[in-house]
Every structure is written in C-alpha cells, then in structure tokens.
Amino acid sequence: KQLSPFATLIKKEFISISREPSYLFSYFAIATTMPIMVYCCYTLFESLIKSTVGLDITFALAILIILIFSVLTNTFCSTNITRDGLTNLKIKVIPVEPSKILLAKVVFCVFVSSISVILSSVLLIAATSLSFGEGMFCALVGIIFSMTQVFIATRIDLNRAKISSSPSEVEAASSKIIAKVVFLGLLVALVIGILSVIITILSNGSNIDAIQKLNL
C-alpha cells in the first residue's frame with residue numbers, strides 16, 4: 001500500500017529500529033515495561049511513606065514516578081540523528097523538506113513514549129488509590145515532559161552529530177548525549193516531584209510540629 005511521504009518516514013524509523021537488536025531492546029523493551037516498573041515503585045513508596053510518616057501523597061508521588069521513568073524510557077531519542085550514520089547524507093536526495101524528516105523522528109519517539117505514559121497512568125488508576133482525574137493529569141504532564149525531552153535531545157544530537165565517525169566513536173558520542181539528557185531530565189523531574197510533595201504536605205496539614213506551627 002502506498003503511503004504518504006511523512007507516513008513512510010515514520011515507517012522507516014520503525015523498521016530501522018526493529019532490525020537492530022540493541023535499538024530494539026533499548027527502546028521498545030524499556031517502553032513496554034515502563035507501566036509495570038511505575039506500578040511497582042508507586043505501590044512500594046506509597047506503603048513506605050504511609051508506614052513511616054503517615055502521609056497520603058498519592059498524587060505527588062504518581063507525578064514524581066511517572067516523570068522519572070519517562071526520562072529513562074526516552075533515552076533512545078538522544079540518538080535520533082547519530083544512529084542513521086551516513087544515511088543522513090543519502091537521504092538529502094529525497095524530495096522532502098528536512099523539517100519533515102526530523103519531525104518524523106520526533107513524532108515517532110513522542111508516540112511511543114506517550115503510549116507508555118498513558119498506560120502507566122491507566123494502570124495506577126485501575127490498581128491503586130489514584131483517582132481518575134489525578135491520573136489523567138499525571139498522564140498529561142508526563143506527555144508534555146516526554147515531548148520536551150525528545151525535542152531537546154534531538155536538538156543536542158543534531159548539533160553534535162558525527163555521521164562519518166566509526167561505530168565506536170558514534171557510541172561514545174551518543175553516551176555523552178544520553179548522560180546529559182538523563183541528568184537534565186532527572187533533575188527537572190526531581191524538582192517537580194519534590195515541590196509537589198511539599199505542596200501536598202503543606203496544603204493537607206501534617207502531624208509534624210514544625211508544619212503545625214506555620215498555621216497554614
């Protein structure tokens with residue numbers, strides 16, 4: 001079946017990933033297991049927090065865990081340009097705007113990561129005490145966060161891509177980009193999650209004396 005140029009570019013991304021075992025594992029396998037990892041970590045930390053400090057911070061905890069695992073799932077987008085190698089030069093002869101070629105890479109990454117985030121939120125809604133509205137808001141924040149990470153990682157890779165390098169040099173350059181993207185993503189995720197926890201504690205009240213003296 002004949003596809004549109006944009007759909008063909010997205011299909012090309014899927015084929016190039018599925019035929020490379022290392023890419024297949026680092027992207028699809030991690031994206032597939034993200035809902036399970038989110039559920040396990042959420043239930044573990046929820047019971048731990050309740051048993052230690054007696055606080056119910058399900059909403060803030062869900063945001064924190066979903067954002068952290070979305071960062072780890074999106075590491076593959078750090079090689080959007082580098083992994084094609086010399087194909088980046090050959091693809092220039094195709095009568096398609098360069099913006100569409102890059103957009104296809106971004107859309108493909110965002111699509112896969114968004115599915116993982118949505119499934120993670122649905123699993124938390126169905127199997128935990130997280131409400132439907134809170135879960136959908138967590139999914140929305142997670143999708144926006146993942147989209148931002150994909151755009152930033154692709155831009156960094158585009159600026160520093162070495163398409164004519166050897167496989168070992170490409171792997172070394174990709175590792176640096178992945179480390180930078182993961183560090184920035186985890187830093188932002190932790191800041192958002194910790195602030196959400198603090199706001200939840202202050203707004204709902206607490207048995208901690210220091211918080212009660214604030215008379216909020």
Side-chain angles (χ1 to χ4, degrees), residues 10 26-50 53 55-80 102-157 177-206 216:
I10 295 181
S26 64
Y27 198 46
F28 289 128
I30 297 178
T32 304
T33 56
M34 177 183 166
I36 300 175
M37 294 188 291
V38 167
Y39 171 76
C40 293
C41 288
Y42 177 86
T43 53
L44 175 64
F45 281 102
E46 182 186 24
S47 60
L48 179 63
I49 293 173
K50 283 185 178 180
V53 294
L55 296 176
D56 186 12
I57 53 173
T58 56
F59 178 56
L61 184 62
I63 289 182
L64 175 61
I65 293 178
I66 287 177
L67 291 186
I68 288 178
F69 278 103
S70 67
V71 171
L72 301 178
T73 305
N74 267 337
T75 55
F76 187 79
C77 62
S78 302
T79 60
N80 269 345
L102 294 176
L103 182 62
K105 295 176 177 291
V106 171
V107 168
F108 180 77
C109 292
V110 170
F111 177 75
V112 175
S113 62
S114 298
I115 291 179
S116 298
V117 170
I118 293 174
L119 290 179
S120 300
S121 301
V122 171
L123 182 59
L124 291 182
I125 294 172
T128 67
S129 57
L130 192 69
S131 66
F132 178 80
E134 292 174 344
M136 290 296 99
F137 185 80
C138 290
L140 178 62
V141 173
I143 291 173
I144 296 174
F145 190 77
S146 297
M147 189 181 304
T148 305
Q149 183 185 0
V150 170
F151 275 107
I152 293 175
T154 304
R155 183 69 215 190
I156 294 175
D157 191 31
I177 297 174
I178 291 174
K180 180 179 291 187
V181 171
V182 169
F183 174 77
L184 292 175
L186 289 178
L187 182 63
V188 176
L190 288 174
V191 170
I192 294 175
I194 292 173
L195 286 177
S196 299
V197 171
I198 294 174
I199 292 173
T200 302
I201 294 175
L202 294 178
S203 61
N204 293 339
S206 174
L216 296 175

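Here the structure is a predicted model, which means the values were calculated and not measured.
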>> Would you say that Ile125 contacts Met136 through its side chain, given a criterion of any heavy-atom pair below 4.5 Å between the two side chains?
In response: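 They are in contact (side-chain heavy atoms under 4.5 Å apart), so the answer is yes.
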
> Hey, does Thr58 have a side-chain heavy atom less than 4.5 Å from the side chain of Thr128?
Replying inline: no

>> Pair Phe137, Ser121 - check side-chain contact (heavy atoms from CB on, under 4.5 Å), show working.
In response: CA-CA 9 Å; Phe137 185 80; Ser121 301; over 6 Å; no

How many angstroms lie between atom [atom1] of [X] and atom [atom2] of [Y], to the nearest 0.5 angstrom?
X      : Y      : atom1 : atom2 : result
Ser131 : Phe59  : OG    : CZ    : 8.0 Å
Leu123 : Leu130 : CG    : CG    : 10.5 Å
Gln149 : Thr73  : CD    : OG1   : 9.0 Å
Leu44  : Ile49  : CG    : CD1   : 9.5 Å
Arg155 : Leu102 : CZ    : CG    : 9.0 Å

>> If the condition is side-chain hydrogen bond (donor to acceptor under 3.5 Å, both in side chains), which residues does Thr154 pass it with, not counting sequence neighbours?
In response: Asn80

> With Ser129, which residues qualify under side-chain hydrogen bond (donor to acceptor under 3.5 Å, both in side chains), at least two apart?
Replying inline: Glu46

What pair of heavy atoms forms the shortest contact from [X] to [Y], and how long is it?
X      : Y      : result
Ser116 : Ala31  : OG-O, 2.8 Å
Asn74  : Cys109 : OD1-O, 4.4 Å
Phe145 : Val188 : CE1-CG1, 3.6 Å

> How would you list, by chain and number, every residue that makes a side-chain contact (heavy atoms from CB on, under 4.5 Å) with Ile143, sequence neighbours excluded?
Replying inline: Ser114, Val117, Ile118, Met147

> Val191: what forms a side-chain contact (heavy atoms from CB on, under 4.5 Å) with it, not counting sequence neighbours?
Replying inline: Leu195

Using a 3.5 Å cut-off and no angle test, enumerate the donor-acceptor pairs between side-chain atoms of residues 61-70 and protein atoms at least two apart in sequence or in another chain.
from: Ser70; atom 1: OG; to: Ile66; atom 2: O; distance (Å): 3.2
from: Ser70; atom 1: OG; to: Leu67; atom 2: O; distance (Å): 2.7

List the atom pairs, donor and acceptor, that lie under 3.5 Å between side-chain atoms in residues 32-41 and the rest of the protein, sequence neighbours left out.
from: Thr32; atom 1: OG1; to: Phe28; atom 2: O; distance (Å): 2.6
from: Thr33; atom 1: OG1; to: Ala29; atom 2: O; distance (Å): 3.1
from: Thr33; atom 1: OG1; to: Ile30; atom 2: O; distance (Å): 3.2

